[in-house]
Asks: 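Can you read through this structure? Questions will come right after.
Any value given below was found using the heavy atoms of this structure, including those in side chains, with hydrogens, waters and symmetry copies removed.
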Amino acid sequence: MGRVRRGGSIFLWWAGDQTPHHVHVYRDGVLILKWDLENRLPMTGRASSRILSFIADLEAEELL
(Lines give C-alpha, C1' and ligand atoms only; values in the text may rest on other atoms or scores of the structure.)
Protein backbone atom coordinates (compact mmCIF):
# COMPACT_ATOMS: atom_id res chain seq x y z
CA MET A 1 0.00 0.00 0.00
CA GLY A 2 1.14 3.50 -0.77
CA ARG A 3 -0.01 6.56 1.11
CA VAL A 4 0.97 10.18 0.44
CA ARG A 5 -0.43 13.47 1.69
CA ARG A 6 -0.47 16.35 -0.79
CA GLY A 7 -2.33 19.65 -0.50
CA GLY A 8 -4.57 18.49 2.33
CA SER A 9 -5.60 15.29 0.53
CA ILE A 10 -4.48 11.73 1.12
CA PHE A 11 -3.71 9.55 -1.90
CA LEU A 12 -3.91 5.77 -1.36
CA TRP A 13 -3.11 2.90 -3.71
CA TRP A 14 -2.42 -0.82 -3.40
CA ALA A 15 0.05 -2.91 -5.38
CA GLY A 16 -1.76 -5.82 -6.97
CA ASP A 17 -5.20 -4.26 -6.47
CA GLN A 18 -7.93 -5.11 -9.01
CA THR A 19 -7.69 -3.58 -12.45
CA PRO A 20 -7.77 -0.96 -13.68
CA HIS A 21 -4.84 0.47 -11.72
CA HIS A 22 -6.29 3.34 -9.68
CA VAL A 23 -5.75 5.70 -6.76
CA HIS A 24 -8.16 6.70 -3.98
CA VAL A 25 -8.16 10.34 -2.87
CA TYR A 26 -9.49 11.31 0.56
CA ARG A 27 -10.06 14.69 2.17
CA ASP A 28 -11.06 14.93 5.83
CA GLY A 29 -11.54 11.15 5.89
CA VAL A 30 -14.06 11.19 3.02
CA LEU A 31 -13.43 9.60 -0.37
CA ILE A 32 -13.59 12.43 -2.91
CA LEU A 33 -12.16 10.65 -5.93
CA LYS A 34 -11.26 7.21 -7.22
CA TRP A 35 -9.11 7.83 -10.33
CA ASP A 36 -8.45 5.25 -13.06
CA LEU A 37 -4.73 5.68 -13.83
CA GLU A 38 -4.85 3.53 -16.96
CA ASN A 39 -7.70 5.31 -18.75
CA ARG A 40 -7.34 8.72 -17.06
CA LEU A 41 -10.98 8.81 -16.01
CA PRO A 42 -12.81 9.22 -12.70
CA MET A 43 -14.32 5.99 -11.36
CA THR A 44 -15.99 7.78 -8.44
CA GLY A 45 -16.20 11.49 -7.68
CA ARG A 46 -15.02 14.51 -9.60
CA ALA A 47 -11.41 15.37 -10.39
CA SER A 48 -10.31 18.97 -9.87
CA SER A 49 -7.35 20.30 -11.81
CA ARG A 50 -5.43 20.59 -8.52
CA ILE A 51 -5.96 16.90 -7.68
CA LEU A 52 -5.01 15.89 -11.24
CA SER A 53 -1.82 17.93 -10.88
CA PHE A 54 -0.95 16.04 -7.67
CA ILE A 55 -1.63 12.72 -9.41
CA ALA A 56 0.63 13.74 -12.31
CA ASP A 57 3.36 14.68 -9.81
CA LEU A 58 3.05 11.30 -8.05
CA GLU A 59 3.31 9.51 -11.39
CA ALA A 60 6.38 11.58 -12.35
CA GLU A 61 7.95 10.63 -8.99
CA GLU A 62 7.14 6.98 -9.90
CA LEU A 63 5.06 6.53 -6.76
CA LEU A 64 1.94 5.50 -8.66
Side-chain angles (χ1 to χ4, degrees):
M1 178 177 89
R3 177 184 167 125
V4 174
R5 179 182 282 275
R6 297 279 168 99
S9 297
I10 297 175
F11 297 78
L12 293 173
W13 63 94
W14 289 266
D17 200 3
Q18 77 270 7
T19 58
H21 187 72
H22 60 279
V23 62
H24 300 247
V25 183
Y26 291 87
R27 180 174 284 270
D28 299 325
V30 176
L31 178 69
I32 60 168
L33 177 66
K34 186 174 173 184
W35 183 256
D36 177 343
L37 295 165
E38 295 174 15
N39 299 303
R40 307 256 185 250
L41 296 169
M43 297 169 74
T44 303
R46 187 168 160 256
S48 69
S49 59
R50 185 170 188 224
I51 293 293
L52 292 178
S53 175
F54 290 137
I55 290 171
D57 290 346
L58 292 169
E59 289 180 312
E61 295 169 23
E62 297 183 1
L63 294 173
L64 296 177

Asks: Mind checking salt bridge (charged side-chain N to carboxylate O under 4.0 Å, His left out) for Glu61 and listing every partner two or more places apart, or none if nothing turns up?
Replies: Arg6
Asks: In sequence, state the C-alpha distance, the side-chain angles, and the governing distance for Ile10 and Val25, and then conclude on side-chain contact (heavy atoms from CB on, under 4.5 Å).
Replies: CA-CA 6 Å; Ile10 297 175; Val25 183; over 6 Å; no
Asks: Among pairs that include at least one residue of residues 48-59, which meet side-chain hydrogen bond (donor to acceptor under 3.5 Å, both in side chains), considering only residues two or more places apart or in two chains?
Replies: Arg40-Glu59
Asks: Identify, with sequence neighbours excluded, every residue that meets ring pair (Phe, Tyr, Trp, His ring centres under 6.0 Å) alongside His24.
Replies: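 Trp14, His22.
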Asks: Should side-chain heavy atoms under 4.5 Å link Ile, Leu, Val, Met, Phe, Trp and Tyr, which residues sit in the same cluster as Leu41?
Replies: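 Leu41 shares its hydrophobic cluster with no other residue.
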Asks: So which atom in Trp13 and which in Phe11 form the shortest heavy-atom distance, rounded to 0.1 Å?
Replies: CZ3-O, 3.5 Å
Asks: Assigning hydrophobic clusters by single linkage (Ile, Leu, Val, Met, Phe, Trp, Tyr; side-chain heavy-atom cutoff under 4.5 Å), is Leu63 placed with Leu12?
Replies: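 No.
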Asks: Would you say that Val4 contacts Leu58 through its side chain, given a criterion of any heavy-atom pair below 4.5 Å between the two side chains?
Replies: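 Yes, side chains in contact.
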Asks: Pairs in or reaching into residues 25-34: which pass side-chain hydrogen bond (donor to acceptor under 3.5 Å, both in side chains), with residues at least two apart or in two chains?
Replies: Ser9-Arg27
Asks: With sequence neighbours excluded, what pairs up with Ala47 under the side chain to side chain contact (heavy atoms under 4.5 Å, CB included) test?
Replies: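 In terms of side chain to side chain contact (heavy atoms under 4.5 Å, CB included), with neighbours along the sequence ignored, Ala47 is linked to Leu33, Trp35, Leu52.
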Asks: Can Leu37 be reached from Ile51 by stepping across I, L, V, M, F, W or Y side chains whose heavy atoms are under 4.5 Å apart?
Replies: yes
